[in-house]
There are 2 protein chains.
Amino acid sequence: MKLSQSEENYIKSIYNLQSKTEKVNTNSLAAFLDTSAASITDMLKKLKSKNLLEYKKYYGFRLNGAGNKQALKIIRRHRLWEFFLVSKLDMEWEKVHDIAEELEHVSSAELIEKLDRYLGNPKIDPHGDPIPDEKGVMPVLKQIALKDLPHKRNAVISSVSSQTPQMMEMLNHYGIKIGSPIKVLKSFVFDGSLQVKIAKQPECIISGLAAQNIFVYDT
Amino acid sequence: MKLSQSEENYIKSIYNLQSKTEKVNTNSLAAFLDTSAASITDMLKKLKSKNLLEYKKYYGFRLNGAGNKQALKIIRRHRLWEFFLVSKLDMEWEKVHDIAEELEHVSSAELIEKLDRYLGNPKIDPHGDPIPDEKGVMPVLKQIALKDLPHKRNAVISSVSSQTPQMMEMLNHYGIKIGSPIKVLKSFVFDGSLQVKIAKQPECIISGLAAQNIFVYDT
DNA sequence: TTTAATTTTTAGATTTGTCTAAATATTTTT
DNA sequence: AAAAATATTTAGACAAATCTAAAAATTAAA
Ligand SMILES: [Mn+2]
Ligand SMILES: [Mn+2]
Ligand SMILES: [Mn+2]
Ligand SMILES: [Mn+2]
């Protein structure tokens, strides 16, 4: 089934909202997509007629199995392109989302499978979000605090607990970015500080408090 | 100026037809784009109103300076993506056109400049067509005799010195076409003959005389 | 130089995705 | 439980890109 760019954007947005609330409602989707509620209703009818959506008038809606599968396909494309833009073209991870928003609609299956192979079948995008595989299965990644990461384990920065300017300043200084590969070399019992190696950076020391608030995927 | 996908496709097609005939006419563009003549007229009005086109009712049309510049920008994107698909993702050069037809409409300037750098600023796409630079200038490609092509260099058949029936018969037999990627694997000093690999053909031997009369773009 | 053939444009319709404003249904407050 | 507030849907309109069929202009033929 060939979907329009618009239909794909709606499906992806519904998927995202669904992961936060059971049933999605018209206004929240309208707000999310920055369109009118009337447009949402119009599209809901269309997606329902294409059997991608469970939809009961006035009572909210959800993607059904087929809809979810579609959403995961689009998310896969989006995140693979983001990974490409950052890892190969050396773009900054804050900038890649908008471009991936367009690239995700290029629909060749062969393209995406070859891109995936070329990138080394990455499991996490530059924002720390998991990349569904070719069957639409999200990899299960266990997230742990950096302080609990065993030594010498290859891990990837997945998130930080608070996005305050103070935290960002420090992360910036250390060259820590979501998606950066990281490895713990040594830990100091005295204050819980860690000596770590972050990809592309010289080795450095991170305080125990920071190590509690930085999370990684143990890969 | 932001152009729609449709507008971009029309501009590019007009550019291509223009390179063959001075003025383009409605029916030939309709045939080229496989649409109705009425649709062409509709779009011509639109492109004229956007000052990309010289257009006199019933008397044909041409892109103006701004229109040409736009066309070259789109062609640049198209050919860079084609190069990417073949050289990085290892797709076959016959298959990449349709995908590039979609990718070419992703409009980030930064994306294209980084892609260009990443690919090593290629000058020729996988079909042997030149890639305009970031200013829209088509590169002037140096053409050399196949016999002078260094080993293992990716080159593209650009022309043959004589188009006699005898020559054509031989080219046909070898599956040599303008635009075919070619690579020299080995040369024999004894008679100047070359072992070459032409895209999609099995390896073969070409005589020294033939190798003097076949020209390639060294990429 | 009329007439015929061809090309191009216009008129009017359709589909997709959007909007505003009004109507209707649901939920919350009194 | 009725009124008020909120959420959702419908009605009707619009712009973009397309189409078919008819009209008009140009070109070629008789
Ligand atoms: Mn998108
Ligand atoms: Mn992302
Ligand atoms: Mn295109
Ligand atoms: Mn090409």
Side-chain angles (χ1 to χ4, degrees), chain A residues 1-14 17-18 20-63 67 70-71 74 101-102 104-107, chain B residues 1-14 17-18 20-63 67 70-71 74 101-102 104-107:
Chain A
M1 183 194 348
K2 183 87 188 313
L3 297 170
S4 75
Q5 192 148 324
S6 238
E7 290 168 327
E8 290 193 339
N9 284 334
Y10 274 88
I11 289 170
K12 192 165 56 110
S13 302
I14 296 170
L17 290 179
Q18 252 177 211
K20 285 166 192 160
T21 47
E22 257 314 294
K23 277 250 166 64
V24 188
N25 60 321
T26 305
N27 270 351
S28 58
L29 183 53
F32 191 83
L33 282 170
D34 194 30
T35 53
S36 70
S39 300
I40 303 297
T41 305
D42 289 343
M43 185 58 90
L44 291 178
K45 287 179 195 161
K46 206 169 153 201
L47 294 178
K48 180 175 186 175
S49 82
K50 292 198 175 189
N51 291 308
L52 296 164
L53 196 71
E54 283 166 34
Y55 170 42
K56 222 185 106 191
K57 251 173 157 185
Y58 289 101
Y59 281 90
F61 45 92
R62 273 190 82 69
L63 295 174
Q70 270 300 332
I74 303 157
E101 204 56 52
E102 297 188 51
E104 70 187 357
H105 304 292
V106 177
S107 57
Chain B
M1 186 193 347
K2 185 86 189 313
L3 298 169
S4 75
Q5 193 147 324
S6 239
E7 291 168 327
E8 290 193 341
N9 284 334
Y10 274 87
I11 289 170
K12 193 165 55 114
S13 302
I14 296 170
L17 291 179
Q18 252 176 211
K20 285 166 191 161
T21 48
E22 258 312 295
K23 277 250 166 64
V24 188
N25 59 320
T26 304
N27 269 351
S28 58
L29 183 52
F32 190 84
L33 281 171
D34 194 30
T35 53
S36 70
S39 301
I40 302 297
T41 305
D42 289 343
M43 185 59 91
L44 291 178
K45 287 178 193 162
K46 208 170 151 200
L47 293 178
K48 180 176 187 176
S49 82
K50 293 198 176 192
N51 289 307
L52 296 164
L53 197 72
E54 282 167 36
Y55 170 41
K56 222 186 107 190
K57 252 173 154 185
Y58 288 102
Y59 281 92
F61 45 92
R62 273 190 81 69
L63 295 175
Q70 270 300 332
I74 303 158
E101 204 56 52
E102 298 188 51
E104 70 188 356
H105 304 291
V106 177
S107 57

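Note on naming: letters A, B, ... go to the chains in the order of the sequence lines (proteins, then strands), and numbering restarts at 1 for each one.
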Output the rounded distance in Å from [atom1] ([X]) to [atom2] ([N]).
{"X": "Lys48(B)", "N": "dT9(C)", "atom1": "NZ", "atom2": "P", "value": "11 Å"}
{"X": "Leu44(B)", "N": "dT18(D)", "atom1": "CG", "atom2": "P", "value": "12 Å"}
{"X": "Lys45(A)", "N": "dA11(D)", "atom1": "NZ", "atom2": "P", "value": "8 Å"}
{"X": "Tyr58(B)", "N": "dA25(D)", "atom1": "OH", "atom2": "C1'", "value": "4 Å"}
{"X": "Lys23(B)", "N": "dT26(D)", "atom1": "NZ", "atom2": "C1'", "value": "15 Å"}

Flag the pair Met43(B) / Thr35(B) as yes when at least one side-chain heavy-atom distance between them is below 4.5 Å, and no otherwise.
-> no
Task: Side-chain heavy-atom pair Asn9(B), Glu104(B) within 4.5 angstrom cut-off - done: yes
Would you say Lys23(A)'s side chain and Gly60(A)'s backbone share a donor-acceptor pair under 3.5 angstrom? no
*asked:* Using OP1 and OP2 only, check whether a side-chain N or O of Tyr10(B) sits under 4.0 Å from dA16(D).
replied: no
### Query
Does OP1 or OP2 of dC19(D) have a side-chain N or O of Ser36(B) closer than 4.0 Å?
yes
Residue pair Ala38(A)/Lys56(B) against DNA chain C: nearer the 5' end by closest nucleotide is Lys56(B)
CD of Glu101(B) to CD of Gln5(B), rounded to nearest 0.5 Å, is 9.0 Å
